[in-house]
**Q** 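I'd like to ask some things about the structure below.
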Amino acid sequence: MDQALIDDDLFRTVSSRRVLSGFGAVFRDPHEYDSGYERVGAADGAADALYALSDKSARADAFISHSWSDHPTLKWLALSYYANMNRAVAASLVTCLALLAVLLVHSRGDVLAYGGAWWLLPIFLSAPLVAFVLALGGGGRRRWWLDKLCVHQRDASLRAAGIRKLPNHLARSNRLVVLHSEAYFSRLWTSFEVATFLAARRADCVDVVPLWLPPLVLAAMASDIVGSALFMPVANRVTPALVARLGPFGMLLAMLIAFPMAYFFAIGPVVLAARARIRARREARDQIRDFRLTRAACSDERDRPLIEARVAALYVHRDDPVGAFEEAVRGLGEFARPSGSATSFREAALPMLPFAWSTIANVLNCDGSSCDRGAEALGFDETTGFMIAHALAGLSALLCSFTLYPLIWRLIAAAEARLQTRRRPIASAAAVVTAYSGWGLACGFGSALSVLACQSGDPRAIAALVTWFAALVGWNLYLFGPETPRQPEGPPDGSCELSPTSLARDDFRAAGVD
């Protein structure tokens with residue numbers, strides 16, 4: 001590691017744990033020290049304490065770029081989503097597996113011991129949820145550069161030097177995290193941060209986190225928790241009579257009825273959220289596509305000539321430096337989306353995470369009734385075969401669930417694009433009902449095939465079940481499979497880390513990078 005980089009007092013980083021503590025308190029207005037304290041000494045002391053939270057560093061894992069006009073809580077949620085979502089999902093699944101292991105140890109491996117145990121569902125919904133929330137709010141050990149903590153907010157000389165060194169800070173950050181909102185690319189300083197970073201890095205070293213995405217995902221998860229809790233009581237009311245009359249395929253009709261009924265309350269919120277998502281994605285795409293440096297607002301117009309001069313210095317080797325910068329920003333629309341495809345697997349699967357938790361509980365407790373009674377109702381000679389069919393049906397339902405929200409978003413997007421304004425809400429509500437009904441139909445079909453294959457052992461039924469699972473896997477791969485986008489300009493080694501020797505480039509020195 002270059003010791004000169006570490007010796008630079010002005011480049012500092014802060015742990016992600018500190019940034020994420022306090023539910024977004026760190027993102028409050030940086031000018032609070034100008035008016036929030038009666039005594040200057042108290043304000044200076046508070047600013048010193050904040051600055052002391054950061055440490056001298058050689059590099060940052062990420063440079064956090066944001067607009068101060070956005071709500072602090074939304075930025076905290078977006079960073080928590082960016083940094084901790086994978087860990088939160090893992091924590092919830094590990095909790096589920098730990099609960100399953102404890103229950104099996106307690107029953108000495110008897111998987112039939114918990115048939116009819118109604119209390120399993122509340123436990124499998126609440127315990128993983130607690131683990132999920134705790135992990136999502138955690139901090140981790142990443143080192144971030146954040147203006148509020150890494151630039152002194154009261155000392156005029158330190159503040160001016162820290163701002164002057166902004167290109168240097170960006171050059172020493174491995175990734176740029178953009179907390180994107182409608183205001184982001186309308187601000188000159190945030191646009192300059194993007195310009196500086198893209199002058200030396202590929203656009204796929206930028207992580208764009210829309211501020212609307214985490215609240216939407218978490219709200220959808222909350223809806224799914226309620227729907228998962230209501231599903232079995234509804235299904236248990238309609239399934240027995242239909243199975244008695246129609247046999248295994250009575251489950252198909254039962255699921256077709258049960259899913260829309262259990263999730264009926266979610267129609268309104270899902271429609272509103274889906275329409276807001278479509279609108280936000282469209283606005284973000286249009287804003288990036290139509291970006292012009294001259295349109296960006298600056299709170300202090302005296303900064304504009306300085307920033308434009310530094311943009312020109314960063315792209316000095318191009319015939320049109322400003323045009324080259326604007327082209328680089330517009331490239332974010334292709335390479336720095338939340339996912340490589342229009343709908344990422346994470347965005348589609350996260351809302352259905354509670355359904356995965358509840359599926360484990362419903363398999364263990366045999367859908368809230370005695371396992372022997374359930375096996376007898378479906379014509380199984382042995383309860384073991386019933387449990388295997390039940391587990392396969394749960395797996396089928398889980399694979400179907402991942403495609404629910406993409407289907408909702410596509411149907412509503414079609415309604416938004418083709419219908420008149422006054423007809424869109426009704427069409428969107430019909431799209432949600434159709435999607436939930438289709439989900440129920442697919443789950444019922446998978447359940448019927450699972451029962452037939454495990455009950456009869458007929459090779460044709462087994463082949464049909466295997467074909468069904470292959471179709472589900474193929475459909476998920478089609479929806480969420482990786483794209484192969486055009487490779488952007490940038491270092492050929494595929495690394496987002498900038499070597500110390502790159503800091504000596506003439507265009508960086510001209511822009512203020514020492």
Side-chain angles (χ1 to χ4, degrees), residues 80 84-140 217-218 220-236 239 258 262 346 349-378 380 382-402 443 446-447 450-451 454 469:
S80 298
N84 297 326
M85 185 55 75
N86 289 342
R87 184 169 64 175
V89 171
S92 69
L93 295 179
V94 167
T95 302
C96 276
L97 293 177
L99 284 173
L100 180 60
V102 169
L103 290 171
L104 290 178
V105 169
H106 181 265
S107 66
R108 297 183 179 180
D110 183 7
V111 295
L112 307 179
Y114 299 102
W118 62 268
W119 46 268
L120 279 182
L121 184 59
I123 289 178
F124 271 87
L125 283 176
S126 59
L129 178 63
V130 170
F132 178 89
V133 171
L134 291 177
L136 184 64
V217 169
L218 295 177
M221 287 184 64
S223 295
D224 192 56
I225 289 175
V226 178
S228 297
L230 294 176
F231 171 71
M232 283 319 305
V234 173
N236 286 337
T239 302
R346 171 193 277 196
L350 279 176
M352 308 311 299
L353 191 59
F355 181 75
W357 307 336
S358 66
T359 298
I360 298 175
N362 290 332
V363 170
L364 272 182
N365 71 4
C366 298
D367 291 337
S369 63
S370 167
C371 297
D372 293 333
R373 189 183 308 162
E376 182 181 351
L378 289 173
F380 279 89
E382 295 182 357
T383 311
T384 302
F386 166 75
M387 292 297 292
I388 295 174
H390 200 20
L392 289 173
L395 179 59
S396 171
L398 193 58
L399 289 173
C400 292
S401 71
F402 298 148
C443 291
S447 298
S450 300
V451 169
C454 295
F469 274 103

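Every heavy atom of this structure was used, including side-chain atoms; hydrogens, water molecules and symmetry mates were not. Just so it is clear, the structure is predicted and the values come from calculations on it, not from any experiment.
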**Q** Out of curiosity, Leu378 CG to Ser450 OG, how far, rounded to the nearest 0.5 Å?
**A** 11.0 Å
**Q** Might you point out which heavy atoms bring Glu382 and Ala375 nearest each other, and give the distance in Å?
**A** O-CB, 4.5 Å
**Q** Output yes when a side-chain donor or acceptor of Tyr114 lies under 3.5 Å from a complementary backbone atom of Leu104, and no otherwise.
**A** no
**Q** Thr95 vs Trp357, test: side-chain contact (heavy atoms from CB on, under 4.5 Å). Steps then yes/no.
**A** CA-CA 10 Å; Thr95 302; Trp357 307 336; over 6 Å; no
**Q** For Ser92 and Phe132, work out which heavy atoms get closest and say how close.
**A** CB-CB, 4.2 Å
**Q** Show every donor-acceptor pair shorter than 3.5 Å between a side-chain atom in residues 387-398 and any protein atom, with sequence neighbours excluded, or say none if there are none.
**A**
residue	atom	partner	partner atom	Å
His390	NE2	Asn362	O	3.1
His390	NE2	Asp367	OD1	3.2
His390	NE2	Asp367	OD2	3.4
Ser396	OG	Trp468	NE1	2.9

**Q** Between Ser228 and Phe355, what is the shortest heavy-atom contact and its length?
**A** OG-CA, 3.6 Å
**Q** I want to check something: taking the side chain as every heavy atom from C-beta on, are Leu120 and Leu103 in contact at a cut-off of under 4.5 Å?
**A** yes
**Q** When you look at CZ of Arg87, are more than 12 heavy atoms from neighbouring residues, nucleotides or ligands closer to it than 6.0 Å?
**A** yes
**Q** Between Trp119 and Asn365, is any pair of side-chain heavy atoms under 4.5 Å apart?
**A** no
**Q** Please name the pair of heavy atoms, one in Ala135 and one in Ala88, separated by the smallest distance, quoted to 0.1 Å.
**A** CB-CA, 3.5 Å
**Q** What are the two closest non-hydrogen atoms of Asn84 and Leu136, and how far apart are they?
**A** ND2-O, 3.1 Å
**Q** Are Asp224 and Leu353 close enough, and set up right, to give a side-chain contact (heavy atoms from CB on, under 4.5 Å), and what steps lead you there?
**A** CA-CA 8 Å; Asp224 192 56; Leu353 191 59; over 6 Å; no
**Q** Asn86 vs Arg346, test: side-chain contact (heavy atoms from CB on, under 4.5 Å). Steps then yes/no.
**A** CA-CA 9 Å; Asn86 289 342; Arg346 171 193 277 196; 2.7 Å; yes
**Q** Run the disulfide (SG to SG under 2.5 Å) test on Cys371 and Cys366 for me, step by step, so that the C-alpha distance in whole Å, both residues' side-chain angles and the decisive distance to 0.1 Å come before the verdict.
**A** CA-CA 5 Å; Cys371 297; Cys366 298; 1.9 Å; yes
**Q** Would you indicate whether the side-chain heavy atoms of Thr359 and Phe124 approach each other to under 4.5 Å?
**A** no
**Q** What heavy-atom pair brings Ser358 and Leu121 nearest, and what distance separates the two atoms?
**A** CB-CD1, 3.5 Å
**Q** Looking at side-chain heavy atoms only, is the closest gap between Leu93 and Leu97 below 4.5 Å?
**A** no
